[in-house]
A.B. asks: 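Attaching a single structure in structure tokens format; questions to follow.
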Amino acid sequence: MASLREPFISRRGPSPVARLICPSFIILSRNIPMTQPARTRFAPSPTGYLHIGGARTALFAWLYARHTGGQFILRIEDTDRKRYVLDALDKIIAGLRWLGLDWDEGPDVGGPHAPYIQSQRLPKYQEAADWLVAHGHAYRCYCTPEELAEMRAEQQARKQKVGYDRRCRWLTQEERAAKEAEGRSWVVRLAAPLEGEVAFEDEIRGRVTFDVRELQDAVLLKADGYPTYHLAVVVDDHDMAITHVIRGEEWISSAPLHVLLYQFFGWDLPAFAHTPSILKPSGKGKLSKRDLKTPEGGNVPIMLHEYPDYGYLPEALFNFLSGIGWSLDDRTEIYDRETAIKHFDLKAINPAPARFPVEKLDWMNGVYIRQLDVEEFRRRLLPYLSRDLGVPEAELAQDRRLNPLLPHVQERIKRLTEAAQWVDYLYVDEVDLGDPQSLVPRKTTPEEALVILDAIIETLERVDGWDEETLESTLRALAEARGWKAGQVFAPIRQALTGKKVTPPLFPILVALGKDASLTRLRRALNQLRAHLEQA
RNA sequence: GCCCCCAUCGUCUAGAGGACUAGGAUGUCAGCCUUUCAAGCUGAAGACAGGGGUUCGAAUCCCCUUGGGGGCGCCA
């Protein structure tokens with residue numbers, strides 16, 4: 001039996017973060033020096049996609065590893081075979097990479113503690129479970145799911161506490177032999193102490209204490225031979241020499257279970273940090289992977305892998321996410337990865353749950369878009385433009401008409417998906433002018449508009465040089481000469497060229513369209529307005 | 001129901017007993033700029049959940065209440 005323990009002995013000797021915690025009394029050795037490189041991990045389960053709250057937990061774990069110069073590990077917790085979602089893993093990994101998180105060890109990159117997929121580590125958990133049973137820290141439970149359901153129903157009916165009543169814990173050797181002779185299948189349950197306290201020191205919240213009487217004899221090994229989360233996480237975190245267990249606050253309740261397991265195995269305790277959850281924008285409940293699409297009250301997606309599609313920049317999302325529950329200082333909102341790494345600290349995380357501040361994300365994404373140099377903006381934008389305009393990307397890449405417009409589009413959008421609406425008029429043969437009345441500027445009669453349009457066309461036909469400066473000075477001169485306000489001249493042009501009343505600045509549009517196309521559109525508008533007037 | 005966690009502008013946050021007339025950001029509103037819309041600039045409104053303590057002094061420490069969140073599975 002001794003040999004079974006062997007694989008679980010720390011490879012690194014006594015950990016500097018050691019905490020010895022026993023029921024009823026607590027001995028703590030505190031204060032991990034910042035200089036200690038941390039090994040953190042993110043351990044998603046492919047039972048669903050990764051939601052944005054989970055992504056932030058991953059982000060914090062990554063930041064801490066990088067801050068301390070340690071390692072970040074990706075581990076897949078796929079011990080639930082019933083709820084496995086086929087494409088979840090791919091989407092999770094793609095999402096994390098897109099966000100800019102990289103791992104030093106993981107299922108796809110390997111590492112000294114491979115495999116990093118729990119379903120491939122089954123013997124380790126089984127050995128661990130056997131060891132616990134052999135040492136009296138766990139026992140086999142032969143109850144069937146039906147029996148347990150019945151038990152729970154009775155407890156509820158009698159308004160008793162609901163939970164496993166430990167009936168199999170007290171079975172005699174003979175009774176056990178009989179159950180096994182029946183061919184009953186069994187699970188392994190933790191034999192939790194009957195009284196005392198378990199406590200651990202949370203990096204974010206300080207000491208958290210539980211009365212062991214609140215604990216259940218939790219299942220560690222399922223009837224199918226797979227471990228539950230509780231066993232697997234402890235065995236793997238120890239085996240992989242994780243120094244800081246960083247996970248969502250929904251795990252606080254089961255943390256004492258894990259502390260007990262460390263203690264039973266005789267392993268050094270890692271540091272724990274339970275990150276606050278991110279609540280739905282409404283504030284009602286935490287974000288969940290069952291929420292799928294966009295949260296109520298917002299048009300922002302919940303699942304990480306959908307963010308690219310919605311036109312968000314990874315560096316913007318990174319910055320944004322890091323700012324929920326943590327802040328760089330008392331005034332800096334925009335900062336890059338390196339700066340975040342430099343300043344990050346688990347202890348500075350605000351333990352209070354936070355709503356998902358939808359509005360702030362769009363603002364920040366806009367800031368990042370504007371920060372891009374135009375070439376980079378163009379490169380990132382093209383796939384979106386292609387998709388939203390229905391124009392092949394190769395064609396767009398050749399299209400030089402886009403160039404004069406790009407800086408103006410960049411200044412106007414918060415998400416890359418909004419770009420198409422600012423340039424779509426370039427990709428139609430004839431613009432839909434709608435009501436000819438829209439060609440008539442404010443405080444202008446239709447007759448006067450006709451005159452203006454006519455004058456514009458005549459002027460532009462004769463203009464020498466088709467660049468922004470020339471066009472602007474020419475048209476302004478026209479307005480001045482005829483006693484029109486600049487807006488009276490610009491508005492009909494905008495409408496004629498784009499069919500819209502809100503567009504990027506006019507002169508870049510004229511340049512983008514070119515002289516011929518511009519004049520064609522202007523003449524067509526003139527004709528429509530004339531026809532409209534004659535009809536009236 | 002029981003246990004655990006949490007509580008600063010609408011929202012995200014700074015604040016670890018005196019530097020607080022509570023700072024920043026977002027959102028909102030107003031003004032400037034202006035060819036539309038943006039961007040930018042300027043300004044305004046806007047918070048320490050309530051009640052008890054401790055202290056010369058509390059947003060900061062303690063207790064209670066209230067409110068919110070999480071957990072109580074052979075799910076993670």
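Lettering of chains follows the sequences in order, A, B, ..., and the numbering in each one begins at 1. Since we're looking at a predicted model, the values are computed, not measured. Heavy atoms only: backbone and side chains are in, while hydrogens, waters and symmetry mates are out.
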A.B. asks: Look at the side chain of I324(A) and decide which nucleotide, out of U35(B), G40(B), C12(B), has an atom nearest to it.
C.D. replies: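 Nucleotide nearest to I324(A)'s side chain: C12(B).
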A.B. asks: Taking atom P in both A58(B) and A44(B), compute the distance separating them and give it to the nearest angstrom.
C.D. replies: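 It works out to 29 Å between them.
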A.B. asks: Which protein N or O atoms sit under 3.5 Å from an N or O of nucleotides 3-7 of chain B?
C.D. replies:
unit_1: C3(B); atom_1: O4'; unit_2: E214(A); atom_2: OE1; d: 3.4
unit_1: C5(B); atom_1: O2'; unit_2: R205(A); atom_2: NH1; d: 2.3

A.B. asks: Counting just side-chain N and O atoms, does S327(A) come under 4.0 Å of either OP1 or OP2 of A14(B)?
C.D. replies: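 Yes, such a contact exists.
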A.B. asks: With P as the reference atom in both, quote the distance from A14(B) to A25(B) in angstrom, rounded to an integer.
C.D. replies: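 Per the computed distance, 15 Å lies between those P atoms.
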A.B. asks: Looking only at side-chain atoms of T503(A), point me to the closest of U11(B), U36(B), C74(B).
C.D. replies: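 Selected nucleotide (nearest to the side chain): U36(B).
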A.B. asks: Is the phosphate of A39(B) approached by K414(A) (side-chain N or O, under 4.0 Å from OP1 or OP2)?
C.D. replies: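 For A39(B), OP1/OP2 do have a side-chain N/O of K414(A) under 4.0 Å.
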A.B. asks: Does CG in L194(A) sit with more than 12 non-hydrogen atoms of other residues, nucleotides or ligands closer than 6.0 Å?
C.D. replies: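 Yes, enclosed.
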A.B. asks: Watson-Crick or G-U wobble partner for A49(B), using a 3.5 Å limit on both distances?
C.D. replies: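 Partner of A49(B): U65(B).
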A.B. asks: Does U11(B) have a Watson-Crick or wobble partner in any strand here, with both distances under 3.5 angstrom, and which is it?
C.D. replies: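 The base-pairing partner of U11(B), which may sit in any strand shown, is A25(B).
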A.B. asks: What's the gap between A16(B) and C72(B) when it is taken at their P atoms, as a whole Å value?
C.D. replies: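 One P to the other, the span is 37 Å.
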A.B. asks: Using purine N1 to pyrimidine N3 plus N6-O4 or O6-N4 for Watson-Crick, or N1-O2 and O6-N3 for G-U wobble, both under 3.5 Å, which nucleotide pairs with G1(B)?
C.D. replies: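 Check on G1(B): paired to C72(B), both distances under 3.5 Å.
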A.B. asks: Considering only atom C1', compute the distance from A19(B) to C3(B) and round it to an integer number of Å.
C.D. replies: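 Looking at atom C1' only, A19(B) and C3(B) are 41 Å apart.
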A.B. asks: Would you say a side-chain N or O of T228(A) is under 4.0 Å from OP1 or OP2 of A76(B)?
C.D. replies: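 T228(A) to A76(B) OP1/OP2: no side-chain N or O under 4.0 Å.
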A.B. asks: Check for me whether the distance between the ring centres of F60(A) and F344(A) falls short of 6.0 Å.
C.D. replies: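 So the answer is yes for these two rings.
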A.B. asks: Can you identify which nucleotide, out of G69(B), U26(B), C37(B), has its nearest atom closest to the L279(A) side chain?
C.D. replies: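 The nucleotide sitting nearest to the side chain is G69(B).
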A.B. asks: Counting Watson-Crick and G-U wobble pairs only, both distances under 3.5 Å, name the nucleotide matched with U35(B), or none.
C.D. replies: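 Checking every strand shown, U35(B) finds no partner, since no pair has both distances under 3.5 Å.
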A.B. asks: Where the side chain of P505(A) is defined as all heavy atoms beyond and including C-beta, which of C37(B), U36(B), U13(B) is the nearest nucleotide?
C.D. replies: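 From the listed options, U36(B) comes nearest.
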A.B. asks: Would you measure the distance from the P atom in C2(B) across to the matching atom in U65(B) and give it in whole Å?
C.D. replies: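 Their P atoms lie roughly 12 Å apart.
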A.B. asks: Distance check: side-chain N/O of R442(A) vs OP1/OP2 of U36(B), anything under 4.0 Å?
C.D. replies: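 For R442(A), the contact criterion (side-chain N or O under 4.0 Å from OP1 or OP2 of U36(B)) is not met.
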A.B. asks: So, using ring-ring contact (aromatic ring centres under 6.0 Å, His included) as the criterion, who are the partners of F42(A) when residues are at least two apart?
C.D. replies: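 Testing F42(A) for ring-ring contact (aromatic ring centres under 6.0 Å, His included), a comparison that skips the adjacent residues, returns none.
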A.B. asks: Got a donor-acceptor pair under 3.5 Å from the side chain of R494(A) to the base of U35(B)?
C.D. replies: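 Per atom types, the contact qualifies.
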A.B. asks: Looking at E480(A), I want to see if its CD is surrounded by more than 12 non-hydrogen atoms of other residues, nucleotides or ligands under 6.0 Å.
C.D. replies: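 It does not: E480(A) CD has 12 such atoms or fewer within range.
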A.B. asks: Please report the distance separating the P of A22(B) from the corresponding atom of G46(B), rounded so that it comes out in whole Å.
C.D. replies: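 Roughly 12 Å separates the two P atoms.
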A.B. asks: Which atom pairs link the protein and nucleotides 20-24 of chain B when you take only N or O atoms and keep those under 3.5 Å?
C.D. replies:
unit_1: G23(B); atom_1: N2; unit_2: D330(A); atom_2: O; d: 3.2
unit_1: G24(B); atom_1: O2'; unit_2: R331(A); atom_2: O; d: 3.1
unit_1: G24(B); atom_1: N2; unit_2: E333(A); atom_2: OE2; d: 3.0

A.B. asks: Classify the nucleic acid contact of G48(A) as base, sugar-phosphate or nothing, counting any heavy atom under 4.0 Å across all strands shown.
C.D. replies: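 Since no nucleic acid heavy atom lies under 4.0 Å of G48(A), the category is nothing.
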A.B. asks: Checking base pairs now: Watson-Crick or wobble, both atom distances under 3.5 Å. What partners A19(B)?
C.D. replies: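 Matched A19(B) with nothing under the 3.5 Å cut-off.
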A.B. asks: Is the W251(A)-F272(A) ring centre distance short of 6.0 angstrom?
C.D. replies: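 For W251(A) and F272(A), the ring centres are not under 6.0 Å apart.
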A.B. asks: Compare the minimum distances between each of G69(B), A25(B), U36(B) and the side chain of K286(A), then state the nucleotide with the smallest one.
C.D. replies: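 My answer, after comparing the listed nucleotides, is G69(B).
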A.B. asks: Between R176(A) and Y142(A), is NZ or CZ placed under 6.0 angstrom from the six-membered ring centre and within 45° of the ring axis?
C.D. replies: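 Not satisfied by the 6.0 Å and 45° rule.
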A.B. asks: In whole Å, what separates the P atom of C9(B) from that of C48(B)?
C.D. replies: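 The answer is 7 Å between these two P atoms.
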A.B. asks: Between G50(B) and G10(B), how far apart are the P atoms? Round to whole Å, please.
C.D. replies: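 The answer is 13 Å between these two P atoms.
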A.B. asks: For E249(A), is there an ion pair with R205(A) - N to carboxylate O distance below 4.0 angstrom?
C.D. replies: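 Salt bridge present between R205(A) and E249(A).
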A.B. asks: How about K485(A): does its NZ atom have over 12 heavy atoms from other parts shown lying under 6.0 Å from it?
C.D. replies: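 Open: at most 12 neighbouring heavy atoms sit under 6.0 Å from NZ of K485(A).
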